[in-house]
Amino acid sequence: MIEVAVVLMKGGLPSTAIAPMEIFSCAGVLYDAFCGQSSEPLFRVRAVTATGKPTSSFIPVTIRPTCSIAEVRKADLIIVPSSGAVIDEILARNQTLIHWLRRWHKRGAAIAGICSGVALLAEAGLLDSRPATTHWALADQFAKRFPKVQWLPERFITESEKIFCSGGVYASIDLALYLVEKFCGHKIAMETAKALLLQTPRMWQATYAAEPPAAAHGDEPIGKAQRWLFKNFREAVTIEELAARVAMSPRNFARRFKIATGETPLAYLHCLRIDAAKHLLENERMNVHDVSQAVGYEDVIFFRRLFKRYTGVPPREYRVRFGISDAAA
């Protein structure tokens, strides 16, 4: 079972703690219950505070924790929700928590910050030289206070080596579903979203995404090509054009791309497009032809074959299984 500790923050918005707790608790359970099947929980979720005492939030609600942070003996994932809007106050009242996050990071726990709670990850040094996001209204303050962080406030979610951040308050829902997929796979995440009538996390949309897939390598020219594809995957592009963008020969580019990502440039492009198509089928009422066009395939027959090759099912069947809008209707 995956152990999750959600830290209850004084002065924060309680939905940034409660929503992830509900999503993790429902993952792998609620959808099966609706289908008349029994199943065991995949996550064990605990609410914790620095002292183990109840904490007051921004609205007139007091939440009682399961235990204190000192009593946590195992944590695979730690969630740090919103904690107010004034950085100095957030940091001043959470020094114990900052040291605690450093210790658990060294032990290998995944750590996720939501909205202003990202400040605690930054103060702990966990975001140095990493991409991160926060609420757009706090971005300038954060950039001045934590100049070593690569702030990307236009994104809903960022990820870097088991460190996750999300932007505004309700991006906590996107982040929680994103983490369900990370820990439990696509099927469980989609079923959880469908059971709760939520949109699936917008992880592969260029505006909202975490980062290009398979980006954890040191080949900067290939990383540059990945980032361009990530933002422009709908466009027609050749290997020759991609290679020219990073001043490499097509042959050398293809070789280095394969070494860095494990995929050929064409296969990588197909992966990006199919992921975008999955998101559209999950959340939009577009027909298959329009989805094909939207992700860059003029030939809908080719798109259907490719989609089945990558997902194991045709687009229409995929929509029946995972289409949130169908469930809502």
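Just so you know, residue 1 is the first one in the sequence shown, and it goes up from there. None of the values given here were measured: they were computed from a predicted structure.
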Transitive ILVMFWY side-chain link [X] to [Y], under 4.5 Å:
{"X": "Leu126", "Y": "Ile87", "answer": "yes"}
{"X": "Met190", "Y": "Ile274", "answer": "yes"}
{"X": "Leu266", "Y": "Met248", "answer": "no"}
{"X": "Val80", "Y": "Val149", "answer": "yes"}
{"X": "Val6", "Y": "Val72", "answer": "no"}

Using a cut-off of 6.0 Å, state whether more than 12 heavy atoms not belonging to [X] lie near its atom [atom1].
{"X": "Phe183", "atom1": "CZ", "answer": "yes"}
{"X": "Arg251", "atom1": "CZ", "answer": "no"}
{"X": "Ile59", "atom1": "CD1", "answer": "yes"}

For the side chain of [X] and the backbone of [Y], is there at least one donor-acceptor N/O pair under 3.5 Å apart?
{"X": "Trp151", "Y": "Phe146", "answer": "yes"}
{"X": "Ser160", "Y": "Ile163", "answer": "no"}
{"X": "Ser83", "Y": "Met9", "answer": "no"}
{"X": "Arg273", "Y": "Phe233", "answer": "yes"}
{"X": "Ser82", "Y": "Cys115", "answer": "no"}
{"X": "Glu159", "Y": "Phe164", "answer": "no"}
{"X": "Arg319", "Y": "Pro315", "answer": "no"}
{"X": "Thr133", "Y": "Arg155", "answer": "yes"}
{"X": "Thr134", "Y": "Leu138", "answer": "no"}

Hey, could you give me the [atom1]/[atom2] distance between [X] and [Y], rounded to the nearest 0.5 Å?
{"X": "His99", "Y": "Arg103", "atom1": "NE2", "atom2": "CZ", "answer": "8.5 Å"}
{"X": "Tyr178", "Y": "Phe156", "atom1": "OH", "atom2": "CZ", "answer": "14.5 Å"}
{"X": "Tyr310", "Y": "Lys278", "atom1": "OH", "atom2": "NZ", "answer": "11.5 Å"}
{"X": "Phe230", "Y": "Leu272", "atom1": "CZ", "atom2": "CG", "answer": "7.0 Å"}
{"X": "Ile98", "Y": "Ile90", "atom1": "CD1", "atom2": "CD1", "answer": "10.0 Å"}
{"X": "Leu179", "Y": "Ile157", "atom1": "CG", "atom2": "CD1", "answer": "7.5 Å"}

Within a strict 4.5 Å, meaning less than it, do heavy atoms of the [X] and [Y] side chains meet?
{"X": "Ile18", "Y": "Ile63", "value": "yes"}
{"X": "Glu89", "Y": "Lys10", "value": "no"}
{"X": "Thr16", "Y": "Phe58", "value": "no"}
{"X": "Asn287", "Y": "Asp290", "value": "yes"}
{"X": "Arg145", "Y": "Leu91", "value": "yes"}
{"X": "Arg245", "Y": "Glu241", "value": "no"}
{"X": "Cys26", "Y": "Leu196", "value": "yes"}
{"X": "Val7", "Y": "Ile79", "value": "no"}

### Task
Evaluate the criterion side chain to side chain contact (heavy atoms under 4.5 Å, CB included) for residue pair Asn232 and Val237; output intermediate values, then yes/no.
CA-CA 9 Å; Asn232 301 279; Val237 63; over 6 Å; no
### Message
salt bridge (charged side-chain N to carboxylate O under 4.0 Å, His left out), that's the test. Do Glu220 and Arg227 meet it? Break it down for me.
### Response
CA-CA 10 Å; Glu220 177 53 29; Arg227 291 190 292 273; 2.5 Å; yes
Quick one: closest heavy-atom pair of [X] and [Y], and the distance?
{"X": "Phe307", "Y": "Ala277", "value": "CE1-CB, 4.1 Å"}
{"X": "Gly12", "Y": "Ser57", "value": "O-CB, 3.2 Å"}
{"X": "Val295", "Y": "Ala276", "value": "CG1-CB, 3.8 Å"}
{"X": "Met21", "Y": "Ala47", "value": "CE-CB, 3.8 Å"}
{"X": "Ala260", "Y": "Ile222", "value": "CB-CG2, 3.9 Å"}
{"X": "Ala176", "Y": "Pro20", "value": "CB-CA, 3.9 Å"}

### Query
Which pairs count as ring-ring contact (aromatic ring centres under 6.0 Å, His included) when at least one residue sits in residues 5-46, sequence neighbours excluded?
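Residue pairs with at least one partner in residues 5-46: Phe24-Phe43.
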### Task
Please list, chain by chain and in numerical order, all residues satisfying side-chain contact (heavy atoms from CB on, under 4.5 Å) with Val313, sequence neighbours excluded.
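Scan of Val313 (side-chain contact (heavy atoms from CB on, under 4.5 Å), adjacent residues dropped) gives Thr311, Glu317, Tyr318, Arg321.
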### Message
Can you list everything that forms a side-chain contact (heavy atoms from CB on, under 4.5 Å) with Gln37? Sequence neighbours excluded, please.
### Response
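So Gln37 forms a side-chain contact (heavy atoms from CB on, under 4.5 Å) with Asp32, Cys35.
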### Query
Which class fits the ring pair Phe253 and Phe257: parallel under 30°, tilted 30 to 60°, perpendicular over 60°?
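Judged by the thresholds at 30° and 60°, the geometry between Phe253 and Phe257 is tilted.
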#### Entry: salt bridge (Lys or Arg N to Asp or Glu O under 4.0 Å): pairs with one or both residues in residues 39-62, sequence neighbours excluded
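For residues 39-62: Glu3-Arg44, Glu3-Arg46.
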### Query
Salt-bridged, Lys194 to Glu282, with N to O below 4.0 Å?
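Salt bridge between Lys194 and Glu282, a charged N being under 4.0 Å from a carboxylate O: no.
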### Query
So, Lys187 and Glu181, do they make that salt bridge, N to O below 4.0 Å?
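No, this pair does not count.
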### Task
Output all residues satisfying side-chain hydrogen bond (donor to acceptor under 3.5 Å, both in side chains) with Lys258, sequence neighbours left out; order by chain, then residue number.
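Residues passing side-chain hydrogen bond (donor to acceptor under 3.5 Å, both in side chains) with Lys258: none at all.
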### Task
Determine, step by step, whether His217 and Gln226 satisfy the side chain to side chain donor-acceptor pair (under 3.5 Å) criterion, reporting the C-alpha distance in whole Å, the side-chain angles of both residues, the deciding distance to 0.1 Å, and the verdict.
CA-CA 11 Å; His217 57 75; Gln226 287 178 270; 2.5 Å; yes
### Query
Could you go step by step and tell me if Phe303 and His270 meet the ring-ring contact (aromatic ring centres under 6.0 Å, His included) rule?
CA-CA 10 Å; Phe303 166 69; His270 286 325; over 10 Å; no
### Message
Does Leu242 form a side chain to side chain contact (heavy atoms under 4.5 Å, CB included) with Leu229? I'd like the steps, not just the answer.
### Response
CA-CA 9 Å; Leu242 276 174; Leu229 282 173; 4.0 Å; yes
### Query
Restricting to pairs with a member in residues 68-78, which pass side chain to side chain donor-acceptor pair (under 3.5 Å), not counting sequence neighbours?
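Qualifying pairs: Ser68-Glu71.
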### Message
With side chain to side chain contact (heavy atoms under 4.5 Å, CB included) as the criterion, how do Ile78 and Leu101 come out once you've worked through the C-alpha distance, each side chain's angles and the decisive distance to 0.1 Å?
### Response
CA-CA 8 Å; Ile78 295 171; Leu101 291 173; 3.9 Å; yes
### Query
Between Glu161 and Arg130, is a side chain to side chain contact (heavy atoms under 4.5 Å, CB included) present by the stated rule, with each step listed?
CA-CA 9 Å; Glu161 298 178 9; Arg130 299 182 189 275; 3.4 Å; yes
